[in-house]
Amino acid sequence: MDSRSRTVTGASSSKPKTLVDTLTSALVNREAKSARRRLTVLPRTAADFSSNDFLSLSTSPAFRNRYLAHLNGTPESFPFASGGSRLLDGNSAYAEDLERFVADFHDAPTALLFNSGYDANVGVMSSIPQPGDLILYDELVHASAREGMRLSRATARKMFTHSSPAALRDVLAAEIKKDASITNGSRNVLIVVESLYSMDGDVAPIKEFIQVVDELLPCNNGYFIVDEAHATGVFGPRGAGVVQHLGVQDRMFIRVHTFGKALASHGAMVLCGPETRDYLINYARSLIYTTALGFPFLASIRTAYELLASGETESLRTRVQELIKHLHQRLGGLQINQSVVFEVDHFPTSPIFSLRTSQPRRLASACQDTGYIVRAIMPPTIPEGSERVRVCLHAGNTEEEIDGLVRTIQSWLDGSSAHREAKL
Ligand SMILES: Cc1ncc(COP(=O)(O)O)c(C=O)c1O
């Protein structure tokens with residue numbers, strides 16, 4: 001009997017696997033790779049070096065008071081729930097006014113509200129690319145953009161090396177070589193990037209990308225879609241984002257700003273031209289087939305944008321930058337034994353730091369045990385081999401907390417090098 005027939009006999013005599021067995025073995029598999037995800041609740045008293053609440057607006061009295069004033073400033077008959085999809089009963093003058101306010105703030109022709117950044121990216125990426133179109137996307141774009149692309153009708157999608165204009169050029173040139181209709185403008189090319197990457201915390205070379213597209217696509221059929229999720233509130237004039245910092249808003253076909261991070265709210269807006277907005281209202285299924293955000297969420301987004309527009313968050317942005325310099329400097333002073341694999345990745349001015357280690361879970365636990373919330377980031381969230389501990393700074397952090405965190409990292413490094421040396 002060969003091994004194949006043994007397997008078949010064995011399979012037919014054993015009880016078939018239930019669905020739950022299959023799900024459980026997938027989890028066991030993840031556990032074996034130290035990649036199993038779990039829901040955790042960390043103590044509120046611990047110092048936050050993990051959330052995306054970069055400006056600490058979620059605990060700001062100024063935010064809370066203004067928000068409550070918005071809630072209380074409406075008549076009692078004003079409905080709290082939206083009551084339906086935006087296309088049915090879920091629309092309101094308040095939502096439309098908010099969209100105009102946000103579009104003005106971002107120097108965009110129009111804005112369209114989605115329930116989350118995830119929904120916005122899925123809606124945009126699934127509906128905008130047309131049959132025949134080519135999508136070129138940075139290898140590190142968020143899962144939601146990838147999900148949308150998978151649902152899209154684009155003919156081809158190609159990934160390029162993270163934040164590399166040279167790689168974009170190579171991939172685009174190779175596609176042009178295969179099909180001249182890209183250069184004559186009969187196929188559209190959509191270039192999908194983020195402005196500030198959530199895991200590595202680096203800012204994309206958007207101007208250089210524009211240069212490549214201008215050179216290779218002289219018929220203006222290159223369309224940029226940029227996700228500003230992590231830059232919103234943090235970078236650019238009054239927190240308007242990297243695109244406005246660079247002054248290239250007119251070159252972006254679509255910008256996505258999300259409100260669940262520095263804006264301490266929920267939802268997202270797609271900034272685009274009026275025709276594109278109208279198209280999304282007709283074709284973006286993640287907008288059409290879902291209940292629209294209710295008034296409390298809209299009021300919270302309004303609150304955040306009023307604070308940005310009035311300049312009240314400027315001191316928080318300055319504070320974040322001071323803390324970034326402090327942590328950058330402290331991490332630079334770490335004594336790292338050569339036997340330990342440890343590297344700090346940091347893009348200047350970014351509130352996101354990446355501590356690369358082969359044992360991110362251990363380092364994260366050591367920090368959590370001493371009262372500092374950080375998270376280990378594992379595949380499949382990030383590529384295999386790039387495991388890290390992600391550290392985020394917030395306006396509400398203090399220099400003392402940063403010093404304490406760095407001391408903990410130092411003792412973990414000392415302990416783990418001692419451990420390694422003992423093993424050699
Ligand atoms: C770059 C990026 N885009 C989109 C999203 C999704 O936004 P939301 O949390 O509002 O769904 C996230 C994170 O959650 C993100 O990091």
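Counting starts at 1 for both ligands and their atoms, in listed order.
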Inset, instruction - Check for a donor-acceptor pair, side chain of Thr408 on one end and backbone N or O of Gly404 on the other, with a separation under 3.5 Å. - result: yes

Legend entry - Pro379 vs Lys33 side-chain heavy atoms within contact, under 4.5 Å: no

Inset, instruction - Taking the six-membered ring of Tyr137 (Phe, Tyr or Trp), confirm whether the NZ or CZ of Arg146 is under 6.0 Å from its centre and within 45° of its axis. - result: no

Pairs of nitrogen or oxygen atoms, one from ligand 1 and one from the protein, closer than 3.5 Å: please tabulate them with distances.
from	atom 1	to	atom 2	distance (Å)
ligand 1	3 (N)	Asp227	OD2	2.6
ligand 1	10 (O)	Gly117	N	2.7
ligand 1	11 (O)	Gly117	N	3.2
ligand 1	11 (O)	Tyr118	N	2.9
ligand 1	14 (O)	Lys261	NZ	2.9

Inset, instruction - List in chain and number order the residues that pass ring-ring contact (aromatic ring centres under 6.0 Å, His included) with Phe253, two or more places apart in sequence or in another chain; answer none if no residue qualifies. - result: Tyr223

Legend entry - Phe297 CZ: over 12 foreign heavy atoms closer than 6.0 Å: no

Legend entry - Phe63 backbone acceptor or donor facing Thr303 side chain under 3.5 Å: no

